[in-house]
> 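To start, I am sharing the structure in question, which I have written as structure tokens.
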Amino acid sequence: MTDDLAWETLAARTAYTCEGFDIVNQDVRLPDGTEAAFDYLAEGESVVILPLTPDDDVVVIEEWRQAVERVNRALPAGSIEGEEDPEAAAHRELAEETGYEADAVEHLTTIEPANGFADAVFHYYVARGCAPTAEQDLDDDESIRTDETTLDELLAAARDGDLRDGRTMIGVLYYELFGRRE
């Protein structure tokens with residue numbers, strides 16, 4: 001059964017491709033029969049990890065973000081590679097970006113952060129028992145340092161407008177509202 005709000009895709013092509021994402025151009029037919037062009041950013045699925053140490057500190061990364069020309073404080077995150085399981089990707093990305101490894105990870109939530117113009121899907125995981133037992137293995141275009149902070153400090157930064165990374169904001173606030181276990 002098709003929803004009466006659904007658009008029909010008549011044709012699709014990749015208009016632009018680069019490392020990390022594509023821009024897809026589609027010819028579509030709207031429910032009223034009108035034909036139009038629609039472009040979206042094709043990024044695929046990623047994981048975002050809220051890493052907790054045995055003392056319940058949060059491992060964060062500080063990374064240069066060229067688009068906003070500043071250092072960004074964030075949770076580690078990265079793309080799922082090929083047919084990789086999201087849980088395996090969470091373990092891999094945590095180690096690659098931070099040098100920390102987790103005793104266990106558990107799924108927190110999955111969101112589509114900007115589904116009006118992107119197909120991105122973020123799978124959020126809480127990683128427990130994180131310790132610096134691995135070596136960072138950064139991509140060629142990553143400039144990252146790690147730090148530890150508290151959840152309360154991240155919540156204060158969110159409240160004060162100092163936490164600017166959207167993926168991190170969602171992860172921290174979702175965990176505080178629905179996932180925190182005392």
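For the numbers below, each heavy atom of this structure counts, side chains included, while hydrogens, waters and symmetry mates do not. This is a predicted model, so every value here is computed, not measured.
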> Quick one, Leu155 with Leu173, criterion side chain to side chain contact (heavy atoms under 4.5 Å, CB included). Give me CA distance, side-chain angles, the key distance, then yes/no.
CA-CA 7 Å; Leu155 290 167; Leu173 296 180; 3.8 Å; yes

> For residues 64-88, which residue pairs qualify under ring-ring contact (aromatic ring centres under 6.0 Å, His included), counting only residues two or more places apart or in two chains?
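Those involving residues 64-88 do not exist here.
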
> For Glu97 and Ile49, run side chain to side chain contact (heavy atoms under 4.5 Å, CB included): C-alpha distance rounded to whole Å, both residues' side-chain angles, the deciding distance at 0.1 Å, then the answer.
CA-CA 11 Å; Glu97 289 197 352; Ile49 307 104; over 6 Å; no

> Just verifying a value: how many Å separate Arg159 CZ and Asp152 CG, rounded to the nearest 0.5 Å?
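Between atom CZ of Arg159 and atom CG of Asp152 there are 9.5 Å.
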
> Taking all atoms of both residues into account, what is the closest heavy-atom pair of Ala89 and Ile80, and its distance?
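Closest approach of Ala89 to Ile80, heavy atoms only: CB-CG1, 3.9 Å.
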
> With side chain to side chain contact (heavy atoms under 4.5 Å, CB included) as the criterion, how do Glu45 and Val121 come out once you've worked through the C-alpha distance, each side chain's angles and the decisive distance to 0.1 Å?
CA-CA 5 Å; Glu45 297 185 47; Val121 175; 3.8 Å; yes

> Donor-acceptor pairs under 3.5 Å, side chain of residues 68-77 to any protein atom, not counting sequence neighbours: which ones?
from, atom 1, to, atom 2, distance (Å)
Asn72, ND2, Asp165, OD1, 3.3
Arg73, NH2, Asp147, OD2, 2.8

> Does atom CD of Glu142 have more than 12 heavy-atom neighbours, drawn from other residues, nucleotides or ligands, at distances under 6.0 Å?
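Enclosed: over 12 neighbouring heavy atoms sit under 6.0 Å from CD of Glu142.
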
> With no hydrogens and no angle check, is any side-chain donor or acceptor of Asp32 less than 3.5 Å from a backbone partner on Thr34?
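Yes: the side chain of Asp32 pairs with the backbone of Thr34.
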
> When you measure from the side chain of Asp160 to the backbone N and O of Asp162, does any donor-acceptor pair fall under 3.5 Å?
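Such a contact is absent between Asp160 side chain and Asp162 backbone.
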
> Closest heavy-atom contact between Ala95 and Ala134?
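Distance-wise, the nearest heavy atoms are CB-CB, 4.2 Å.
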
> Write down the atom of Ala127, the atom of Ala102, and the distance for their closest heavy-atom approach.
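Taking every non-hydrogen atom into account, CB-CB, 3.7 Å.
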
> With heavy-atom distances below 4.5 Å as the criterion, would you say the side chains of Tyr124 and Tyr174 are in contact?
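Tyr124 does not reach Tyr174 side chain to side chain.
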
> Which pairs would a plain distance check flag for residues 20-27, meaning a side-chain donor or acceptor within less than 3.5 Å of a matching protein atom at least two apart in sequence or in another chain?
from, atom 1, to, atom 2, distance (Å)
Asp22, OD1, Thr17, OG1, 2.4
Asn25, OD1, Arg13, NE, 3.4
Asn25, OD1, Arg13, NH2, 2.7
Asn25, ND2, Asp39, OD1, 2.4
Asp27, OD1, Arg13, NH2, 3.2
Asp27, OD2, Arg13, NH2, 3.3

> Count I, L, V, M, F, W, Y as connected when their side-chain heavy atoms are under 4.5 Å apart, and connections chain through other members. Are Tyr100 and Val126 then in the same cluster?
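Looking at the clustering, Val126 is in a separate group from Tyr100.
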
> When rounded to the nearest 0.5 angstrom, what distance separates OG1 in Thr149 from CG in Leu154?
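Going from OG1 on Thr149 over to CG on Leu154, the span is 5.0 Å.
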
> Answer yes or no: are there more than 12 heavy-atom neighbours, outside Tyr16 itself, under 6.0 Å from its atom OH?
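Not more than 12 within 6.0 Å, no.
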
> Distance from Glu93 atom CD to Glu84 atom CD, nearest 0.5 Å?
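Reported value, rounded in 0.5 Å steps: 7.5 Å.
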
> Linking I/L/V/M/F/W/Y whenever any side-chain heavy atoms sit under 4.5 Å apart, do Val58 and Leu177 land together?
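Result: yes, single cluster for both.
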
> Please name the pair of heavy atoms, one in Glu43 and one in Ala120, separated by the smallest distance, quoted to 0.1 Å.
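Where Glu43 meets Ala120 most closely, the heavy atoms are OE1-CB, 3.1 Å.
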
> Test Cys130 against every option in Val105, Thr98, Leu94, Leu52 by the side chain to side chain contact (heavy atoms under 4.5 Å, CB included) rule and name the one that passes.
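Output: one option passes, namely Leu94.
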
> How close do Asp119 and Gly44 get, heavy atom to heavy atom, and via which atoms?
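That would be OD1-N, 3.1 Å.
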
> Is there a chain of hydrophobic side chains (I, L, V, M, F, W, Y, each step under 4.5 Å between heavy atoms) that links Phe178 to Leu50?
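Cluster IDs for Phe178 and Leu50 match.
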
> Taking ring-ring contact (aromatic ring centres under 6.0 Å, His included) as the cut-off, I'd like each qualifying pair that reaches into residues 65-97, sequence neighbours left out, listed once.
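Every pair satisfying ring-ring contact (aromatic ring centres under 6.0 Å, His included) with a residue in residues 65-97: there are none.
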
> When clusters are formed by joining ILVMFWY residues with side-chain heavy atoms under 4.5 Å apart, either directly or through shared neighbours, do Val48 and Met169 land in the same one?
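Same hydrophobic cluster.
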
> Any chance CG of Asp140 has more than 12 other-residue heavy atoms, nucleotides or ligands included, within less than 6.0 Å?
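Counting neighbours around CG of Asp140, 12 or fewer heavy atoms of other residues, nucleotides or ligands fall under 6.0 Å, so no.
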
> For residues Tyr125 and Phe122: do they belong to one hydrophobic cluster (side chain heavy atoms under 4.5 Å, members Ile, Leu, Val, Met, Phe, Trp, Tyr)?
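In one cluster: no.
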
> List the steps and the verdict of side chain to side chain contact (heavy atoms under 4.5 Å, CB included) for Gln136 and Thr146.
CA-CA 10 Å; Gln136 276 184 311; Thr146 60; 3.9 Å; yes

> Mind checking what makes ring pair (Phe, Tyr, Trp, His ring centres under 6.0 Å) contact with Tyr40, not counting sequence neighbours?
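If we apply the ring pair (Phe, Tyr, Trp, His ring centres under 6.0 Å) test to Tyr40, skipping adjacent residues, there are no hits.
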
> Which residues satisfy the side chain to side chain donor-acceptor pair (under 3.5 Å) test with Arg29, sequence neighbours excluded?
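Residues passing side chain to side chain donor-acceptor pair (under 3.5 Å) with Arg29: Glu8, Glu35.
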
